[in-house]
Every structure is written in structure tokens, then in C-alpha cells.
Undergrad: 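Before we start, here is the structure in question, set down as C-alpha cells.
Below, read A as the first sequence line, B as the second, and so on, with proteins coming before strands; counting in each chain starts at 1. Computed from a prediction, not measured in an experiment: that's the story for all the values here.
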Number of protein chains: 2
Amino acid sequence: MKTRDKIILASLELFNDKGERNVTTNHIAADLSMSPGNLYYHFRNKSDIIYEIFIQYELLVDHYLQITDDRPLNLNDLVYYLESVFDGLWSYRFFHRDLEFLLDSDERLRKDYREFTVRCLDGIKKILKGLQKGLDGVLKDLEDEHIESMVLNVWLVVTNWMAYLKTAHAGDDNIAIDKGMLRQGIYQILSFTVPYLTPAYVEEIKKLQDQYRPNYSI
Amino acid sequence: MKTRDKIILASLELFNDKGERNVTTNHIAADLSMSPGNLYYHFRNKSDIIYEIFIQYELLVDHYLQITDDRPLNLNDLVYYLESVFDGLWSYRFFHRDLEFLLDSDERLRKDYREFTVRCLDGIKKILKGLQKGLDGVLKDLEDEHIESMVLNVWLVVTNWMAYLKTAHAGDDNIAIDKGMLRQGIYQILSFTVPYLTPAYVEEIKKLQDQYRPNYSI
DNA sequence: GACTATTTAGAGTATATACTCTAATAATAT
DNA sequence: ATATTATTAGAGTATATACTCTAAATAGTC
């Protein structure tokens, strides 16, 4: 692997593990048994590393969120989208943690992230509309305003589920959050659909939710 | 005002304005035209200042979230609770921004915050249950599981609405977020109730939502 | 093998940050 | 007034952090 890519990878791992705020460029270099000089030969500054990581994240999620619109969407589709997105979220979990600071310190990133948000919201909307399509659509027809609200709610829960887990569950015992716990966010997202399900799918969603049900209690 | 209180107040203002990460103890002292030595005479370290601010935040929200349970709740009650909570959120808006880091660096805070979360979730639950009570309850009866999901969804949207505004709307033009924009989160929270409203309240909630409707488009 | 361009090491720097220390000042009690 | 205590100033320190600079090593080319 190229040095540049090694730097990106090690940075991502350290960021995910310790939080961007707690990882310095010197740490990254040390982690790779590399001199700071070398790191700075490949990246002008820390922001550039973060930006590069964001580009990867963006690519991944944009790829996942290519929503089929030539046919109605079914529950399998929904699960696939959710699993994919939560997978991306897990791989780049540091990102939403220090998001505000990151956007404050990099204008490029701020602009790109805003556009990224718009695309994601649009993707979510397409999914919901796709679930309404067809004779036996999963979701009932909804007023556009309801859809918009729901899209935003889904986005907020998706992007902040990780933070919720960390703050509400990581106690003195310092339970580490794992990918499995993150997937419980899927249960939470599915709950949004419940009031709008067509009768045929009520039981199906229940079964589905069972697969992602949290086994902890707050 | 006592010096100690001045420090707390100035810190809160600076934190809210610039983010905790960007505010040093020296900044706080300078802002008060005070020596660092003096600041450290009153607080052992930065964490102690933050902790003290959290205690105030906690007190405020706990106060707001004393939910009447001797009668059914109506829409006025709901609005009061929402307005109050969003008001607290605004006054201490720095807090949820760097939450994960703050909790990582202060065990006391971590523990307290976790308990605080539990109380808040419980408060939200009481509100929802209160809205179901009575002959003309605002909300239909719901399975407990639905309530639990909804409680968590409400919490996630409430605590992260600010971050959403900042990241999705603060662009190059650097629109500052104001209290009014924050209140649009109330619109978003009200959307959770829509599918569960008893018929008598459908129109009422619509009217209410209109009052908080965002005037921007994403 | 000689020459050039790329990559890397590692010591070094300027700045920032949390926090300390001591002496001076102000407030309070007797 | 004097003694005591609480408060404040402000210079200073140890450490961290992002980043630079130069020389050496390595790779690639003719």
C-alpha cells in the first residue's frame, strides 16, 4: 500500500478509536513508525487528511444510496439500505462526533458536507417514496409534509445514534460500543415506519424489528 | 456578582459562542479582564467549570421536566414543556456539541449525564402518557413499545436539532443560528405525534406546527 | 554506474494551553 | 490599628501540537 493510503487508513482507525480531537499528526506518524516529516510530505496538514477521509465516506454512502426507482421497494431493499448506511456510519464513526469543529475549521468540508446532507435526505425520501409505490406498497400514501418531517427525523436518528450509544451507555464500566450495538439503530429507524404501514406489513416489520431489538434497557 | 459566578457566566457565553474546544481558561480570564491565577483560585481546572455549568443545566431542565400527573395533559402543556426544554437547550447549547469529549474527560460528568438522560427520557414518557389520558386525550393509546421508541426518537431529535442546524445550514455565508431557528425543532417534535393523534386534535396540531414551521428550505 | 527525482528521518520551532507560584492587595475580624 | 484571611495579578512553566527544514536514503532512468 502507498504511504499516502497508509496514512489515511491509520488516521481513520485512530480517529475512530480515540476521537479526532485526541489524535495528533505526531500520533499518526508514530502509529505508522514514520517521521512527522514524512507525513507532512504527503499531506499539507491535518485538515487535508480529514478531508480525504470524508471524500471516501461520501463516496461510500453515495454509492449505497443509489435508490432504484424503476420498481416499488420492498422490505429487503429497506434492510439493505439500512444495513449499508449503518455500516458506513460505523466505518467512519469519528466523523459525526466532532463534526461541528471539523466543519468550522475547513470551508471546503463545510460546503461538501452540506451538499452531502442534501443528497442523503434526498436518498431517504426516495426510499420512503419507493416503499409507497405499487399495489401492495409497504407504506401508505402520505402527505408530502409528513414525508419531509420523517426524512429529517430518520436523518437525525441515523447520524446521532452512535453518539446516543456512547453518551447514554458508556458508563464507568466503559462499555465499548460495537458494530452490533450500532445496528440497533435500525430498530429505531424501523419504528418510524410503524404508524404508516399497510396492514399486510405490520407483522413483517415486527419480525424485522425483533432482529435488531436492543437487549439492554436504559 | 461573585467572581466565581462571573467565571461561570463568562465561560458559558464563550463556550456557547465559540465551542468549548476553542475556549481556553486564559481566554475566559482575559474576557473577564482577570488574571489566570485568579481564575484558578476559584476553579481547580477547566473540567470543574464545565461540571458546574452542567449542574446548572441539569437543575434547569429537571425543573422544567416536572410533569404533572394528576390530570391529563393538553396541548398547552405540551407547548410549555417543549418551549421550556428548547429554551434550556439554547442557553446551554455548547454542551451537546462537544458532549462525547466532555464525558470522556470527566467521570463525574459521565455518570451524572447518564442519569440525567434517564430522567429526561422518563419525563418525555410521562408527557406522552399524560397526553393519552382522559376522555378526549390528545394521543391515542399506544403499545408500550411504541411509546419507548417514540421517547427515544424525541430525545434524539431534541438533543441534536442544534447540531443539525449548524451543520446543514451554516454555509459559507456563515448564517448564525438564533433561538428562533432552534424553536423550529418544536415543529419537528410535533411531527412525531401526528400519526397518533385523536381526530379532534389533528387540526389543532396542524395549527400549532404552523407556528413553528421553518421558513427555509434545505 | 551516474544522475535525478522522490521519499523519508528526525531534530527543531513557534505557538498554544492548562496550570502554578509568589507577592501584592483588599477585606474582615479583633 | 493590627493581625489574619481571602482574593487577585501576573510572570512563569511544563507539555503538547501542528508544522518546518535539511540532509540522507531510496527508487527510477539513461
Side-chain angles (χ1 to χ4, degrees), chain A residues 1-54 94-95 97-110, chain B residues 1-54 94-95 97-110:
Chain A
M1 192 173 6
K2 288 200 164 182
T3 305
R4 193 184 153 83
D5 294 324
K6 279 191 210 162
I7 293 171
I8 293 176
L9 200 67
S11 301
L12 177 57
E13 272 172 20
L14 288 171
F15 289 161
N16 278 340
D17 197 38
K18 304 182 197 304
E20 177 273 338
R21 186 170 176 174
N22 298 313
V23 176
T24 72
T25 49
N26 290 352
H27 288 146
I28 299 167
D31 186 74
L32 288 163
S33 310
M34 166 190 292
S35 63
N38 196 4
L39 186 147
Y40 277 92
Y41 174 77
H42 291 279
F43 289 94
R44 262 181 35 247
N45 52 41
K46 197 181 172 187
S47 269
D48 274 8
I49 301 178
I50 293 164
Y51 185 69
E52 203 78 357
I53 294 177
F54 167 71
F94 87 94
F95 189 71
R97 178 174 169 173
D98 265 308
L99 186 58
E100 285 190 55
F101 177 83
L102 297 179
L103 300 195
D104 270 352
S105 23
D106 187 343
E107 200 170 313
R108 260 178 324 179
L109 189 60
R110 186 160 69 238
Chain B
M1 193 173 7
K2 288 198 162 183
T3 306
R4 195 186 151 82
D5 295 324
K6 278 190 210 161
I7 293 170
I8 293 176
L9 200 67
S11 301
L12 177 58
E13 273 172 19
L14 289 171
F15 289 161
N16 278 340
D17 198 37
K18 306 181 197 303
E20 178 272 339
R21 186 170 179 175
N22 299 314
V23 176
T24 73
T25 49
N26 291 351
H27 288 146
I28 299 167
D31 186 73
L32 288 162
S33 310
M34 168 189 292
S35 64
N38 195 6
L39 185 146
Y40 278 91
Y41 173 77
H42 291 280
F43 289 93
R44 261 180 37 246
N45 51 43
K46 196 180 173 186
S47 270
D48 275 8
I49 301 177
I50 293 165
Y51 186 68
E52 203 78 356
I53 294 178
F54 168 70
F94 87 94
F95 190 72
R97 177 173 170 173
D98 266 307
L99 187 57
E100 286 189 56
F101 177 83
L102 297 179
L103 300 194
D104 271 351
S105 24
D106 187 342
E107 202 170 312
R108 262 178 324 180
L109 189 60
R110 187 159 68 237

Undergrad: Which whole-number value in Å describes the distance from B/R21 CZ to D/dA16 C1'?
TA: 14 Å
Undergrad: What is the distance, to the nearest angstrom, from the NZ atom on B/K2 to the P atom on D/dA6?
TA: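 Computing the B/K2:NZ to D/dA6:P distance gives 12 Å.
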Undergrad: Just by modelled atom types, is the B/K18 backbone N or O under 3.5 Å from a matching donor or acceptor in the B/N22 side chain?
TA: yes
Undergrad: Please state whether the phosphate of D/dA18, meaning OP1 or OP2, lies under 4.0 angstrom from any side-chain nitrogen or oxygen of A/N45.
TA: no
Undergrad: Heavy atoms under 4.0 Å, any strand shown: does B/S33 hit a base, just sugar-phosphate, or nothing?
TA: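 Sugar-phosphate contact only - B/S33 comes under 4.0 Å of backbone atoms but never of a base.
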Undergrad: Quickly work out the A/F43 CZ to D/dT17 P distance and round it to whole Å.
TA: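 It works out to 20 Å between those atoms.
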Undergrad: Going by side-chain contact (heavy atoms from CB on, under 4.5 Å), B/F43 matches just one of B/I28, B/I50, B/I7, B/T25. Which one?
TA: B/I7
Undergrad: Rounded to whole angstrom units, what separation is found between the CG atom of A/L39 and the P atom of C/dA9?
TA: 11 Å
Undergrad: Is A/N38 close enough to C/dA9 that one of its side-chain N or O atoms is under 4.0 Å from OP1 or OP2 there?
TA: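 Yes, within the criterion.
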Undergrad: Could you tell me how far apart B/K6 (NZ) and D/dT7 (C1') are, to the nearest whole angstrom?
TA: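 Atom-to-atom, B/K6 to D/dT7, this comes out as 12 Å.
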Undergrad: So, does B/T3 get its side chain near the phosphate of D/dT8, meaning an N or O under 4.0 Å from OP1 or OP2?
TA: yes
Undergrad: Quick one: is B/Y40 getting a side-chain N or O under 4.0 Å of the C/dT20 phosphate, OP1 or OP2?
TA: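 Checking B/Y40 against C/dT20: no side-chain N or O falls below 4.0 Å of OP1 or OP2.
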Undergrad: For B/S35 and D/dA11, is the shortest distance between a side-chain N/O and OP1 or OP2 below 4.0 Å?
TA: no
Undergrad: Between B/F101 and B/R21, is there a cation-pi geometry (under 6.0 Å to ring centre, at most 45° from the normal)?
TA: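 So B/R21 doesn't make the cation-pi contact.
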Undergrad: Give a yes/no answer on whether the side chain of B/H42 brings an N or O atom under 4.0 Å of OP1 or OP2 in D/dT8.
TA: yes
Undergrad: Please tell me which of the listed nucleotides, D/dT20, D/dA18, D/dG10, lies nearest to the side chain of A/P36?
TA: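 Given the options D/dT20, D/dA18, D/dG10, the side chain of A/P36 is closest to D/dT20.
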Undergrad: Output the rounded distance in Å from CG (A/N22) to C1' (D/dT17).
TA: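 For the pair A/N22 CG and D/dT17 C1', the rounded distance is 13 Å.
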Undergrad: Verify the contact: side-chain N or O of A/Y41 to OP1 or OP2 of C/dT8, cut-off strictly under 4.0 Å; return yes or no.
TA: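 No, A/Y41 has no side-chain N/O under 4.0 Å of OP1/OP2 on C/dT8.
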